[in-house]
Amino acid sequence: MSAEKKLDRYGRWIPSGVSARTVDHAELPVIDFAPMFGSDPEAKKQMAQELKQACMGVGFFHLANHGVPQSLIDRTFARTAEFFALPLADKMTADATQAPGYPGFYPMKEAVGGVARAMQEGFNMNFALPPDDPHMVKGLPLHDRNLWPEKPAGFREDMEAYFDAMRALSRRMFGAFALALDLPEDYFDALTTKPITLMRVNHYAAQPDAVDDEQIGGKPHTDFECFTILAQQKDIVALQVATGAGYDEWISVPPIPGTFVVNIGDQMTRWTNDMFASTMHRVVNSNKVDRTSIAFFAGTDYDAEMAVLPTCVPAGEAPKYAPIKSGEYVLGRVNNAYEGALAKKTA
Ligand code: OGA
Ligand code: NI
């Protein structure tokens with residue numbers, strides 16, 4: 001452990017080094033989501049209590065019995081592997097700099113001569129709305145059309161099918177979060193009709209000799225939206241979460257077959273008055289093979305008012321945060337993160 005601590009741009013500590021400790025399930029719980037598909041209120045309540053504990057603790061957990069068919073997950077990973085294996089020119093047919101918003105392909109900067117994100121490339125899609133949708137007519141950002149590469153065949157169909165499955169799961173998860181927060185199960189329904197949603201396929205280069213934590217594929221960060229549903233490529237350990245008594249240690253999150261990794265994002269932390277933890281994480285792919293993950297960032301409607309939830313404010317205390325529109329909060333964070341990493345060629 002180094003004596004001097006690095007800080008991120010928000011002044012938060014970043015544990016140093018590239019190594020991490022492997023933990024057991026007591027530290028990173030596995031939550032059985034099966035009760036949310038049934039109608040037993042006691043079973044749901046029990047699950048919601050476990051969820052609450054995980055969210056108030058490490059802010060990360062594995063989600064089991066989530067209802068998404070393994071065949072769909074496998075097919076999506078196979079299709080994204082086909083995409084990333086293409087020559088750069090083919091991937092650049094969906095060049096993210098060519099369209100408004102953040103959808104499309106982001107090359108590894110080493111492939112185009114830069115330094116940022118040297119060990120990572122990615123493909124983003126969002127919850128695109130048609131131009132005549134009232135949200136678009138109003139000019140609300142973060143719902144731009146998606147960009148699709150010319151190859152491989154079937155890429156768009158498979159990505160959209162996976163995105164739809166994530167949307168369905170995220171709605172059910174909002175129900176579980178509501179129960180965990182002592183709110184009615186349908187509390188978030190009216191706030192998630194056309195939610196701000198980003199899905200990102202991350203592709204990390206192999207870095208078996210990684211020693212410098214400045215040169216890793218996924219820099220330390222927290223996610224911005226309410227929660228993230230992450231599919232990890234099987235058998236490859238690379239995701240790390242900052243934890244420990246003094247928040248000074250990285251722990252590894254080895255993939256567990258049949259589960260997603262879920263973590264809380266900054267929007268949920270603010271909404272819950274800091275009760276739920278949005279925890280810093282990073283990706284160090286010190287394996288001999290490349291690695292892919294698919295992150296689905298679940299947010300709420302752009303116009304949804306985000307005032308601290310009443311069940312999260314102790315009696316006699318004032319909320320720590322003023323109300324804000326969800327979209328304004330998330331847009332600020334997203335623009336800040338992509339600033340400089342992406343010079344737009346279009347306005
Ligand atoms: C992310 C992220 C982790 C991973 O995309 O925000 O943290 O394992 N991904 O790829
Ligand atoms: Ni993340």
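When a ligand or atom number is given, it counts from 1 through the structure's own listing order.
Ligand 1 places these atoms under 4.0 Å from at least one heavy atom of L239: 3 (C), 8 (O). For ligand 1, the atoms closer than 4.0 angstrom to any heavy atom of A295 are 5 (O). Applying the 4.0 Å criterion to heavy atoms of F297 picks out, from ligand 1, the atoms 1 (C), 5 (O), 6 (O). Within ligand 1, the atoms closer than 4.0 Å to a non-hydrogen atom of N202 are 5 (O), 9 (N), 10 (O), numbered from 1 in the order shown.
Here 3 is the count of protein N, O or S atoms positioned under 2.8 Å from the Ni ion (ligand 2), waters not counted.
Between H281 and F60, the distance separating the two ring centers is shorter than 6.0 angstrom. Residues F188 and F177 keep their aromatic ring centres 6.0 Å or farther apart. Remark: aromatic rings of F227 and F276 are distant, center separation not under 6.0 Å. Not less than 6.0 angstrom separates the ring centroid of F260 from the ring centroid of F296.
Counting heavy atoms under 4.0 Å from ligand 1, residue T228 does not touch it at all. Residue-level proximity to ligand 1 for H221 is carried by the side chain, the only part with a heavy atom below 4.0 angstrom. With a 4.0 Å cut-off on non-hydrogen atoms, R282 does not touch ligand 1 at all. If you look at V261 next to ligand 1, there are no close heavy atoms at all, none under 4.0 Å.
Between D133 and the choices K138, R145, K194, the salt bridge (Lys or Arg N to Asp or Glu O under 4.0 Å) rule is met once, by K194. When each of V262, T259, L230 is checked for a side chain to side chain contact (heavy atoms under 4.5 Å, CB included) with H62, only T259 meets the rule.
The number of heavy atoms from other shown groups lying within 6.0 Å of NZ (K234) does not exceed 12. For K151, the NZ atom counts as loosely surrounded, since its 6.0 Å shell holds 12 or fewer non-hydrogen atoms of other residues, nucleotides or ligands.
The aromatic rings of F155 and W148 sit perpendicular to each other, their planes meeting at more than 60°, with 30° as the lower class boundary.
With Y102 as the aromatic partner, R200 does not meet the cation-pi criteria of under 6.0 angstrom to the ring centre and within 45 degrees of the ring axis.
Of the protein's non-hydrogen atoms, V283 CG2, 3.6 Å is the one closest to atom 3 (C) of ligand 1. Of all protein heavy atoms, the one lying nearest to atom 10 (O) of ligand 1 is S293 OG, 2.5 Å.
Scanning Q240, R291, H281, M280 for the heavy atom closest to atom 4 (C) of ligand 1 points to R291.
Contact annotation: the side chain of R79 never approaches that of E157 to less than 4.5 Å [non-hydrogen atoms, C-beta and beyond].
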